[in-house]
Amino acid sequence: MASHLLNHSSKMRNASKLLHHERALLVRWFSGDAQSSLNRNRDVWKTQFHESSTTRSVFEPASSFNKRSFGMQKRNISMATIKRGSIIGFGFNGEISRSQVLSRRCYASASDLPPHQEIGMPSLSPTMTEGNIARWLKKEGDKISPGEVLCEVETDKATVEMECMEEGYLAKIIRGDGAKEIKVGEVIAVTVEDEGDIAKFKDYQPSASEPSAAPAKEISAPPTPKKEEEVEEPGREPEPKVSKPSAPPSSGDRTFASPLARKLGEEKNVPLSSIKGTGPEGLIVKADIDDYLASGAKEVSASSKAKVATDAALDYTDIPVSQIRKVTASRLLLSKQTIPHYYLTVDTCVDKLTSLRTQLNSLQEASGGSRISVNDLVIKAAALALRKVPQCNSSWANDYIRQYNNVNINVAVQTDNGLFVPVIRDADKKGLSTIGEEVKQLAKKAKENSLKPQDYEGGTFTVSNLGGPFGVRQFCAIINPPQAGILAVGSSERRVVPGSGAEEFKFASFMSVTLSCDHRVIDGAIGAEWLKAFKGYIENPETMLL
């Protein structure tokens, strides 16, 4: 152990001199014996001196030196982790509109390839585990610069542009246009610094796994038990004797059967040579014939059913499932299986709301503004009700309930690519015209499949309206996790209601709304209180303007 420490300390003293030489010399110095020595010493230190403060004072400078030496220069990648010369990580937050490249730098070895950089599939949303390549905007051999878009990536939420972070040349595209189900971190392209190195990556294929992780897995993996040991396990119970069809014996073997079994076999046309007897010394008995006939009947029945099903098969077309639809399906299934839903329905009179909307639209048209829809008024009323009953503006977090101070309303938008839920941030503080403009812009983006992460992340409550566009009177929506509530809005219909007199009647328009609640977060009385507040804003819309 002392010799290892002395060996490493001497190389560390020499390393400062090597920093003044060319980069190629430094790479060669680390790619050979020194690198393996560093790895061996590091593993020994972690094993022998994990709890020792003395070891920390020795190991930390070596770790920082390793990062400075292999990194060569600081990259503009937030949250990146530099590990043994590789940048493993990516920049992401809720405010970016383009992705930053997940890359891994590889240096020249004694084999063949020049220094290059592997570009990995980045994670562009908290729920993304894999993505698809929509199309490449750069082709092999093109020069690339920081900020330029390399390709468009179809995530579980939208299609996002992936930017290049460094200057160089696109040497090889590993996963081309239309490539699907690419795991996060999987290599999709290779870049080089020198144009002359492009041809060397014509037949390049990335390694299946991280080289540094392989030895650790090999060491930690338990030895595989041999099949012979499993077969000869002493405590194994004997299998019950069941008559099964077996391969016919060779021509020199005789078939032994009882007279009754032989007679029954002749009557039923059963080949005795295909039956394994369970009697003394393999004698075929009547029970063996009965078992054979029973198993044969099941097989004939199954085959006949399969034939009937095949004959009656319908003409159909298999439609490929997009990444967005896959994630939507899994999240909604998870919601239904893990969230205790309950539903509250109320009818609201919308006569005053319709009258106010008519007045506001006349003012909007006079000023050149966009028309206000009923859905815009519903979003505003829902946001104000959440401000009034903040318990519904919450989510379940196992050990606590998180109550949000911002009221961000997701609006369900159906497109040809699937269901999107863009978000209106701080809807309780915005005017109706602003809400209407944002809904139109986000709906257009959703239909064009050009939503960015900040367009749909961070919602605290969802509104789904199938009444106005489709005429659905009432429905129950599935909660969008991790939210605790979603409002399903139906269509309005004219009804006859009692008037002020004993025999007087009048017509009024009513709209049915159903609140789906997570019972872990919203108790029944709290949900009813929220619906009461929402109904108050709808039936007296002037209060929303105060």
Side-chain angles (χ1 to χ4, degrees), residues 126-127 328 330-350 375-413 419 421-430 435 456-467 472-490 510-541 543-544:
T127 58
T328 301
S330 63
R331 286 175 61 81
L332 292 181
L333 179 63
L334 177 68
S335 174
K336 259 306 200 183
Q337 290 178 333
T338 61
I339 295 178
H341 287 61
Y342 74 92
Y343 310 96
L344 301 173
T345 303
V346 69
D347 293 334
T348 61
C349 182
V350 294
N375 198 51
D376 300 334
L377 291 161
V378 169
I379 293 171
K380 181 67 175 179
L384 292 175
L386 288 171
R387 177 63 62 193
K388 196 170 186 178
V389 186
Q391 295 94 325
C392 294
N393 194 42
S394 307
S395 64
W396 177 258
N398 292 328
D399 296 330
Y400 54 88
I401 294 175
R402 174 168 291 171
Q403 191 173 113
Y404 300 101
N405 298 321
N406 301 93
V407 179
N408 301 335
I409 304 293
N410 286 106
V411 183
V413 178
L419 181 65
V421 280
V423 62
I424 307 297
R425 301 184 184 278
D426 297 318
D428 59 321
K429 301 176 183 177
K430 292 179 178 177
I435 292 175
Y456 52 78
E457 291 180 349
T460 61
F461 189 86
T462 301
V463 172
S464 179
N465 189 344
L466 294 179
V472 176
R473 189 176 66 84
Q474 187 267 337
F475 70 102
C476 299
I478 301 175
I479 295 172
N480 181 24
Q483 299 171 10
I486 181 172
L487 183 68
V489 182
F510 286 87
M511 178 178 68
S512 295
V513 295
T514 300
L515 177 66
S516 304
C517 301
D518 182 350
H519 214 320
R520 299 172 300 178
V521 180
I522 304 173
D523 294 331
I526 300 299
E529 184 181 349
W530 186 91
L531 273 180
K532 181 181 178 181
F534 175 81
K535 182 177 180 180
Y537 286 121
I538 294 294
E539 295 185 344
N540 299 283
T543 57
M544 289 191 287

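- Annotation: side chain of Gln391 is not in contact with side chain of Ile522 (no heavy-atom distance under 4.5 Å).
- In this structure, the side chain of Asn393 does not engage the main chain of Leu386 through any donor-acceptor pair within 3.5 Å.
- Of the possible polar contacts, one joining the Asp518 side chain to the Arg520 backbone as a donor-acceptor pair under 3.5 Å is found.
- Counting heavy atoms from C-beta on, the side chains of Ile478 and Ile339 never come closer than 4.5 Å.
- The shortest side-chain heavy-atom distance between Phe461 and Leu487 falls under the 4.5 Å cut-off.
- With a 4.5 Å cut-off on side-chain heavy atoms, Val463 and Val489 count as touching.
- Two residues are said to be in side-chain contact when any heavy atoms from C-beta on lie closer than 4.5 Å; Ser464 and Phe475 meet this criterion.
- What you find for Val378 and Phe534 is that their closest heavy atoms are O-CE1, 3.7 Å.
- The two atoms that bring Ile479 and Gly485 nearest to each other are CG2-N, 4.2 Å, heavy atoms only.
- Listed for the Ser516 side chain is a donor-acceptor partner under 3.5 Å among the backbone atoms of Ala477.
- Side-chain contact between Arg425 and Val423 is present, with heavy atoms from C-beta onward closer than 4.5 Å.
- Annotation: side chain of Asp426 is in contact with side chain of Asn408 (closest heavy-atom distance under 4.5 Å).
- Checking side-chain atoms of Ser335 against main-chain N and O of Pro481 turns up no donor-acceptor pair under 3.5 Å.
- In this structure, the side chain of Gln483 engages the main chain of Thr462 through a donor-acceptor pair within 3.5 Å.
- A donor-acceptor pair is defined here as one N or O able to donate and one able to accept, closer than 3.5 Å; no such pair exists between the side chain of Asn465 and the backbone of Asn375.
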